[in-house]
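Reading through the structure tokens given below for one structure.
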Amino acid sequence: MTETYDFDRIQQRWLPVWDELTPFRSGDPTDARPKKYILDMFPYPSGDLHMGHAEAYALGDVLARYWVQRGFNVLHPIGWDAFGLPAENAAIRNGIDPMTWTYANIEQQKASMRRYACSFDWDRVLNTCDPEFYHWNQWFFLQMFNRGLAYRKASNVNWCPECQTVLANEQVVAGACERCDSLVTKKKLTQWYLRITDYADRLLDDMAELEGKWPEKVLLMQRNWIGRSTGAQVTFDIADYPEPVNVYTTRPDTLYGATFFVVAADSPLAADLARGTSAEAALSDYADAVKKTSDIDRLSTDRPKSGVFLERYAINPVNGERLPVWASDYVLADYGTGAIMGVPAHDQRDLDFARAFGLPVRAVVESEEDPAQTGVATGDDGAHINSGPLDGLNKVEAIAKIIEILGERGTGEEAVNYRLRDWLISRQRYWGTPIPIIHCPQCGEVPVPENELPVRLPPADGLDLSPKGASPLGAAVEWASVACPQCGGAARRDPDTMDTFVDSSWYFLRYLDPHKTDGPFDPAQAREWMPVDQYVGGVTHAILHLLYSRFFVKVLLDMGMVDFAEPFTRMLNQGMVVMDGSAMSKSRGNLVRLSDELAENGVDAIRLSMVFAGPPEDDVDWADVSTAGAKKFLARAWRLSGDVTSAPGTDQGGGDLALRKITHRAVNDMQIAVESLRFNVAVAKTMELVNATRKAIDTGCGGDDPAVREATEAVAIALSLVAPYTAEDMWARLGHTPSVARAGWPIVLPDLLVEDSVTCVVQVAGKVRERLDVPPTITEEELRALVLSNPAVLAALDGAEIRTVIVRAPKLVNIVPA
RNA sequence: GCGGGUGUGGCGGAAUUGGCAGACGCGCAGGAUUUAGGAUCCUGUGUCCUUUGGACGUGAGGGUUCAAGUCCCUCCACCCGCACCA
């Protein structure tokens, strides 16, 4: 028999068979198997699949296929995150309708994914750009609007001059647009926001239930992003000014050390304070300059402090001192109250500012160094001084005391603050979900009635999509002009579209019933399937997408539509595929084309390479990967199936015991490895089993021994998680009917996990001197006696006195000489 | 600057609870079979020493322990996140 492993033939043979069998369909209501939801992050349809997809979907597929083998009804869906700028940019560049471009790419990716043999349930595919999907974005928006969670406000927002749109805080990376890397500036605009800050505490506190199940790194990033801090709000009167001004501070205990007062230069408060004073013009110039400064300049930490004295004085509520009021850009308008008390001795930024403008420095916490001299603010704990009633107290005591004092006088209270800002969702672009609001000159913001949803996008044909700072939808006059649902008068649709992160905030629920027409999802199905048991995706979404999804689910919980607080029970962040240490890109010239690799070595070899390369969360360097080696191994495994000569269904009871033990041990170890997400180790165990089986056939019990069939079948089933084509072909050659994907995981017999002899390591003074084969059941006393009479051990001891003998039966004995 | 993570052969990486370091693979070397081989199979492959055999060895240094890649302390290197958040 000179058959050879031909991946091409195998791929062509089995793909149509699977289409017929649909082994991964999950929607049968009579299906009695227990349920599991394995979710891969859905792709953006920008061209064909690439190496990154190949890795991510290979990893997710191992889990999905494993749980199917373990007898679960696994929901493993896929869809397309199909709204977004690239479609629009391609449209502008090439004159193609974004819709045409998007659907063409989806079809291409879908075909590639099928060939890549991902175990998706193809009945559940969704595209976020379908009106059937974005209908429910609009519905959610209205629910939030009705609950006061969606609102419009004017604010200085992040503006990308290149994309000509606003960006969420989360989309600004180091002062630049995450998409095009242009420097982001500020622009005052009225925009829609979702009130995620209302959920800050729950987003933070509910992370306790994710501890140990999500990567610690992601939890930490989310914690930092939310940035909860506790301190106090302190009320300062301003001399000759009608309104008092609050400041937020985490160090209210240093209130006696305040020597000045600062408000954010670009805040309305600053303008108000300066109005009518001789500082008005200076502030206006300064504020203009600040707005022009890009974030990247603002962020450079060694930038000298700047500011304008507003010719006003704030009154320190605890000692009546008059503090000069300044405006500066080092105070942020949208954090806390946009105003601070300046305590230069104990805050570095305040100290830098004080030194720049010759303001006094007064230490109120004892320390050896004097900040006024060193230029280094002291933040350490210590006894308070110059602080009236706080003198002698440490930090914790002083904070408690000052909050008590402020409370009694009604000039302050304990307060919590967050770094998290509300989620800005308006986008001035075409290819997204229209915001279902109608602006009526009489009635104001009027929601589109639910029965008129979805508000469909007008055809792109005839619209100018090029970025110009205003939404293209506003120019679709016919579309935008509507009658106000309340008064019937002439009104206009909101011309903006939603951030595409709205789509991904709940798409995992839509999969449960993707064709539902009378609601976003079926709550009954959600009770069955949710939360997602295992989510697999890139760490690039560690903050944005995961935070927003968690927020949405908490809103849904409050709406009574779901009964859980966290959408994703477990999270796996796969690494990236890199080449020679850096990200693959055409411009770098280190791009490895997936299609080339697939043609060269086949789907299974690529999938195997990805899974075997290392731990799933680590980056895979393609330079370290041998797809040819993977193909060689698959051929080696496949050849086993041709050497099995016993009939299918042969009783394995009488098979070669040694091989049977190896098989059961291997299956047991693979199981543990897969369940702890160490897929590379699972593959290694499969390789060991293949090697042992080959040896048994060639030089051991021979190909007709039932144990060889048992081992080879175990190999086929194990490989079905990673190399489905090879596995299916092996399964057929072993005389079975397809599909191996539903063959069931081999049952591990505990009896066969027991070794009949173990190697006992004998150490003398911690060094290995002898190995003994002993029965696993040997007692400590027996082992001690055996070892102490062993000639080699006695020789190693060389007559030395024995101090102690540590016996860990059956595996180890350590003799400690005196 | 603050916070977090990671350091194991030439390379990717293994190693329940502290208990044989280097599983599995890549690469490399030698051999078998071949007209040939980028096919297949076998053997070897941490470093050093003169061998049977031994010594050393998990970023560096110290500690705990009969026993440390694993636990503790100090340091170094690299990677990631945040970055005027009061």
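Source: prediction; values computed, not measured.
Among the nucleotides B:C11, B:G4, B:C20, the one closest to any side-chain atom of A:Leu220 is B:G4. The side chain of A:Asp347 sits closest to B:A86 out of B:C66, B:A86, B:A55. Each of B:C24, B:C26, B:A14 was ranked by its minimum atom distance to the side chain of A:Ala684; first place goes to B:C24. Considering only side-chain atoms of A:Ile543, the nucleotide from B:C82, B:G25, B:G12 that sits closest is B:C82. Taking the side chain of A:Val681 as heavy atoms from C-beta on, and the options B:A86, B:C41, B:A15, the nearest nucleotide is B:A15.
When ring centroids are compared, A:Phe353 and A:Phe260 come within the 6.0 Å threshold. For A:Phe261 and A:Trp326, the gap between ring centers reaches or exceeds 6.0 Å.
B:G5 and B:A55 are spaced 38 Å apart, taking the P atom of each and rounding to whole Å. Remark: the separation of the C1' atoms in B:A77 and B:A36 is 50 Å, to the nearest Å. Taking atom P on both B:A68 and B:G31, the two are 43 Å apart, rounded to the nearest angstrom. Going from the C1' atom of B:A15 to that of B:U8 covers 10 Å, rounded to whole Å. Taking atom P in both B:U50 and B:G1, the straight-line distance is 49 Å, to the nearest Å. As rounded to the nearest Å, B:U33 and B:U16 have P atoms that lie 43 Å from one another. Across the P atoms, B:C56 and B:A21 are found 12 Å apart, a figure rounded to whole Å. Nucleotides B:C84 and B:C73 are separated by 35 Å at their C1' atoms, to the nearest Å.
Taking only side-chain nitrogens and oxygens, A:Arg678 comes nearer than 4.0 Å to OP1 or OP2 of B:A15. Proximity of A:Arg419 to the phosphate of B:A86: no side-chain N or O atom is located under 4.0 Å from OP1 or OP2.
Within 4.0 Å (heavy atoms only), A:Lys632 reaches sugar-phosphate atoms of the nucleic acid but no base atom. Nucleic acid contact for A:Thr250: sugar-phosphate only, since backbone atoms but no base atoms lie under 4.0 Å from a heavy atom of the residue. At the heavy-atom level, A:Asp621 lies nowhere under 4.0 Å from the strands shown.
A syn orientation is assigned to B:G9, its glycosidic angle lying within 90° of 0.
Where pairing requires Watson-Crick or G-U contacts shorter than 3.5 Å, the helical stems of RNA chain B with at least three consecutive pairs are B:1-7 with B:76-82, B:10-12 with B:24-26, B:27-32 with B:40-45, B:46-49 with B:53-56, B:59-63 with B:71-75.
Here the side chains of A:Leu59 and A:Met610 are not in contact, with every heavy-atom distance at 4.5 Å or above.
With hydrogens and angles left out, the side-chain atoms of A:Tyr418 and A:Ser229 include no donor and acceptor closer than 3.5 Å.
Residue A:Gly614 is the one, among A:Asn814 and A:Gly614, whose nearest nucleotide of RNA chain B lies closer to the 5' end (criterion: closest heavy atom). Map A:Ala630 and A:Gln763 each onto its nearest nucleotide of RNA chain B; the residue landing nearer the 5' end is A:Gln763.
Residue-environment remark: CD (A:Glu414) stays at or below the threshold of 12 foreign heavy atoms within 6.0 Å.
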Start with the C-alpha gap between A:Glu216 and A:Arg223, add the side-chain angles, then the distance that decides, and say whether salt bridge (charged side-chain N to carboxylate O under 4.0 Å, His left out) holds.
-> CA-CA 11 Å; A:Glu216 193 49 45; A:Arg223 275 192 201 99; 3.8 Å; yes
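Note that CE of A:Met341 is 8.0 Å distant from CG of A:Asn316, once rounded to the nearest 0.5 Å.
The base of B:C80 is not paired with the side chain of A:Lys217 by any donor and acceptor separated by under 3.5 Å.
Side-chain N or O atoms of A:Asp422 include one that pairs as donor or acceptor with a backbone N or O of A:Thr197 at under 3.5 Å.
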